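Basis for what follows: all heavy atoms, side chains included, without hydrogens, waters or symmetry-related copies. The shown structure was predicted, so the numbers you read here are calculated from the model rather than taken from an experiment. Chain letters run A, B, ... following the sequence lines, proteins first and then strands; every chain starts at 1.
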Amino acid sequence: MTSPNNDKTLITFWGTRGSVSTPGRITEKYGGNTPCVTLCHQDTTVILDAGTGIRNLGIELVQGADTETHPLSLHLFLSHTHWDHIQGLPFFQPAYLENTHLTIYGSPKKERFLASVLKDQMDYEYFPVAMSSLTADIRIQEISEEVIQLGPIRIDWQEQVYHPGGSVRYRFHINGKRIVYATDIELDQLFCETDTSEKRESLCREYLGFIHNADLLIADGMYTEEEYPDKRGWGHSSIPILIHVASQAHVKQLAVFHHDPQHSDTFLDDLWVKNRLKYRSASHYMVVFWAREGLTLSI
Amino acid sequence: MNEKDENTKIWAVNGSATESQENEDFASTTTVEMDRDRLPGEIPITLRAYFEILRSDGKNEIIDLGDRERVIGRSPRCDIYLSSESVSRQHARLTFRSEEYFIEDLNSTNGLYVNGIKIEKCVLRNNDQIEIGRVKILFHEEKTLQKR
């Protein structure tokens, strides 16, 4: 794993695919693993979601590292507990190391306890290893504070509606920079102007305020404009609305994330070629790119 | 449904009752037995990866990458030497691991770009466009079947 040097914050994409993993030649460029992103600053490692991409992260963390003398201390923030965001956890090698400290954070507003949901995923009917067999020191925490401080990283968060069952977005403040992770939300519904209710407008303001001026926004952009009408109500955004909203909020860099399983590398490349001028013609200059597995950026 | 009904062999997801049914034919159905010795042996694949350094005069330079680590930069000591003031002495590192090539910035002055995005590190895929200073490089990867 690329080690963070000096004051850089490194963001690595381990899984960028939405809904279900899609291995194969046609997805090798943008990746077939489901959501997992790391954010590393000095000695702090934050993991965003535990999709199948977390498996490769686990291998990288353990390989070549002396975990006996330098135990891993990791913080995993879950956007929600749909399969594609938790399914890699049973395959996360550091969770099987006794001296690993892993804290898992998630929404406090669910009907069931987060610990219970994660434990049930490893029920014997679904997986041969029980959660209790993970020998790491694992703490599962439903977030109670408005702000979490992890060393030099300050984290705030908001519940998201317009996704079945809801989800959580997170914002990381590091050395004056802001990185926002806001996946699994249907912005087309949130910013639907035909709904003039005060509640929706308030949610729009809340969203725009949260992502405002972000140095990097990692956000759900699952569908094309043409595909979206057939996917209305599924809880994911179309790419044009995401770009429009991010630009309006003066985001500096936008990683379009949670790719549709049907979108091959060629499809995404063609989509870029076809629309790149449109993506760049927004009033505010913003770097837009498709999130890609195996890519590390520094902020 | 919370309890398994022993008489019910087929369950309906939508909750509507289904008839109990045992498929006696299933047990008697077999697939064709295959002789393992007749399975094809390992297919030898050759991986060739190379940089195409784009020159303004059109005389592009091809550099085969092999599988050893290479440092790219303006210093003549670099494995891949790029003669441009916009390139740092040691600008980037190329590594080969798990049959994949990775490129990594070595704290260069002007940064490392892949497909127009400033990156710290990136796994390379066929046709990626790398920018090192003002030098543009195409990464090509070819997998070919060896003749037997």
Side-chain angles (χ1 to χ4, degrees), chain A residues 1-16 25-33 38-41 53 55-56 59-60 63-64 125 215-216 252-256 264-266 268-270 272-273 276 279-280 285-299, chain B residues 1-6 11 13 43 45-49 65 69 71-72 88 90-132 138-145:
Chain A
M1 196 168 160
T2 304
S3 51
N5 49 16
N6 52 57
D7 273 345
K8 280 182 181 175
T9 302
L10 299 182
I11 292 99
T12 303
F13 294 94
W14 300 91
T16 61
R25 285 181 62 183
I26 62 167
T27 54
E28 71 173 12
K29 180 173 176 182
Y30 295 104
N33 280 303
T38 49
L39 190 153
C40 300
H41 183 78
R55 180 179 158 272
N56 283 336
I59 294 168
E60 186 96 0
Q63 251 176 16
E125 294 293 334
D215 293 275
L216 174 66
K252 292 167 192 158
Q253 207 168 182
L254 169 65
V256 180
S264 66
D265 295 335
T266 309
L268 287 171
D269 284 339
D270 288 349
W272 178 261
V273 170
R276 66 185 193 281
Y279 296 160
R280 284 175 183 165
Y285 181 75
M286 175 175 73
V287 175
V288 181
F289 63 98
W290 304 146
R292 168 173 164 168
E293 201 172 308
L295 174 73
T296 301
L297 305 168
S298 108
I299 299 288
Chain B
M1 292 184 194
N2 292 324
E3 289 180 20
K4 188 174 176 186
D5 178 351
E6 286 302 321
W11 289 42
V13 174
I43 300 166
I45 303 279
T46 303
L47 174 68
R48 184 196 174 209
L65 298 177
E69 182 178 306
V71 173
I72 307 161
S88 294
Q90 294 201 325
H91 198 115
R93 181 188 291 122
L94 183 79
T95 48
F96 182 70
R97 193 160 49 89
S98 304
E99 298 190 18
E100 292 185 315
Y101 287 89
F102 293 82
I103 196 160
E104 183 182 355
D105 187 39
L106 294 176
N107 265 327
S108 66
T109 307
N110 292 323
L112 174 64
Y113 292 75
V114 172
N115 301 334
I117 307 299
K118 190 169 189 280
I119 60 114
E120 198 68 24
K121 187 177 180 179
C122 187
V123 60
L124 292 175
R125 300 295 180 207
N126 193 32
N127 287 328
D128 274 342
Q129 183 176 296
I130 303 161
E131 286 169 74
I132 297 179
L138 288 178
F139 172 78
H140 298 282
E141 199 174 35
E142 295 169 357
K143 287 176 185 169
T144 49
L145 195 65

Item to check | Portion of Gln253(A) that has a non-hydrogen atom of chain B nearer than 4.5 angstrom | outcome: side chain
Item to check | Heavy-atom pairs under 4.5 Å with chain A, option from Leu124(B), Asn115(B), Val114(B), Ile117(B) with the top count | outcome: Ile117(B)
Item to check | Interface moiety of Asn126(B) toward chain A, non-hydrogen atoms closer than 4.5 Å | outcome: neither
Item to check | N-O pairing of Arg125(B) and Glu141(B) below 4.0 Å | outcome: no
Item to check | Qualifying residues under ring pair (Phe, Tyr, Trp, His ring centres under 6.0 Å), relative to Phe139(B), sequence neighbours excluded | outcome: Tyr101(B)
Checklist entry - Should the pair Lys29(A)-Asp269(A) be classified as a salt bridge under the 4.0 Å nitrogen-to-oxygen rule? => result yes
Next on the checklist: Restricting to side-chain contact (heavy atoms from CB on, under 4.5 Å), what partner residues turn up for Val71(B), sequence neighbours left out?
Outcome noted: Cys78(B), Asp79(B), Gln90(B), Leu106(B)
